[in-house]
Amino acid sequence: MTKERFWVVGGEYSCLAFKTLKNGAPEVMGPFETRDEAKDAWRRISDRTRSCATARYAIATEQLVLPN
């Protein structure tokens with residue numbers, strides 16, 4: 001049996017090429033049980049950093065294999 005969990009990952013990058021994070025490590029929020037919960041968190045952080053052109057966040061999916 002498999003289960004999905006969702007994470008919001010990102011942060012402020014050093015330039016608009018979005019290759020290197022300013023702080024070195026990404027901000028990670030979650031886990032969220034549903035994509036909708038993750039999307040709500042993504043929307044909140046994206047709205048908060050809207051004025052920062054070098055901030056970027058995405059929703060990542062994790063596939064868990066659960067024992068039977």
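Values below: all heavy atoms of this structure, side chains included; hydrogens, waters and symmetry mates excluded. Treat the numbers as computed from the prediction; the structure is a model and nothing was measured.
- With hydrophobic clusters built from ILVMFWY side chains whose heavy atoms lie under 4.5 angstrom apart, F32 shares a cluster with W42.
- Between the T34 side chain and the E37 main chain, a donor and an acceptor come within less than 3.5 Å of each other.
- The two residues A60 and V9 make their nearest non-hydrogen contact at CB-CG2, 4.4 Å.
- The structure places CD of E27 at 9.5 Å from CD of E12, a figure rounded to the nearest 0.5 Å.
- Within 6.0 Å of CZ on R5 lie more than 12 heavy atoms contributed by other residues, nucleotides or ligands.
- Salt-bridge annotation for D47 and R50: present, with a side-chain N of the basic residue lying under 4.0 Å from a carboxylate O of the acidic one.
- Here the shortest heavy-atom pairing between A41 and V8 reads CB-CG2, 4.1 Å.
- Taking hydrophobic clusters as Ile, Leu, Val, Met, Phe, Trp and Tyr residues chained together by side-chain heavy-atom distances below 4.5 Å, V65 does not share a cluster with M1.
- Shortest non-hydrogen contact noted between E62 and W7 is OE1-NE1, 3.0 Å.
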Run the side chain to side chain contact (heavy atoms under 4.5 Å, CB included) test on T54 and L16 for me, step by step, so that the C-alpha distance in whole Å, both residues' side-chain angles and the decisive distance to 0.1 Å come before the verdict. CA-CA 6 Å; T54 57; L16 291 174; 3.9 Å; yes
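- Hydrophobic cluster membership is shared by M29 and F6, with clusters built from Ile, Leu, Val, Met, Phe, Trp and Tyr side chains linked at under 4.5 angstrom.
- Side-chain N or O atoms of T20 include none that pairs as donor or acceptor with a backbone N or O of S14 at under 3.5 Å.
- Closest approach of S46 to Y57, counting heavy atoms only: OG-CB, 4.5 Å.
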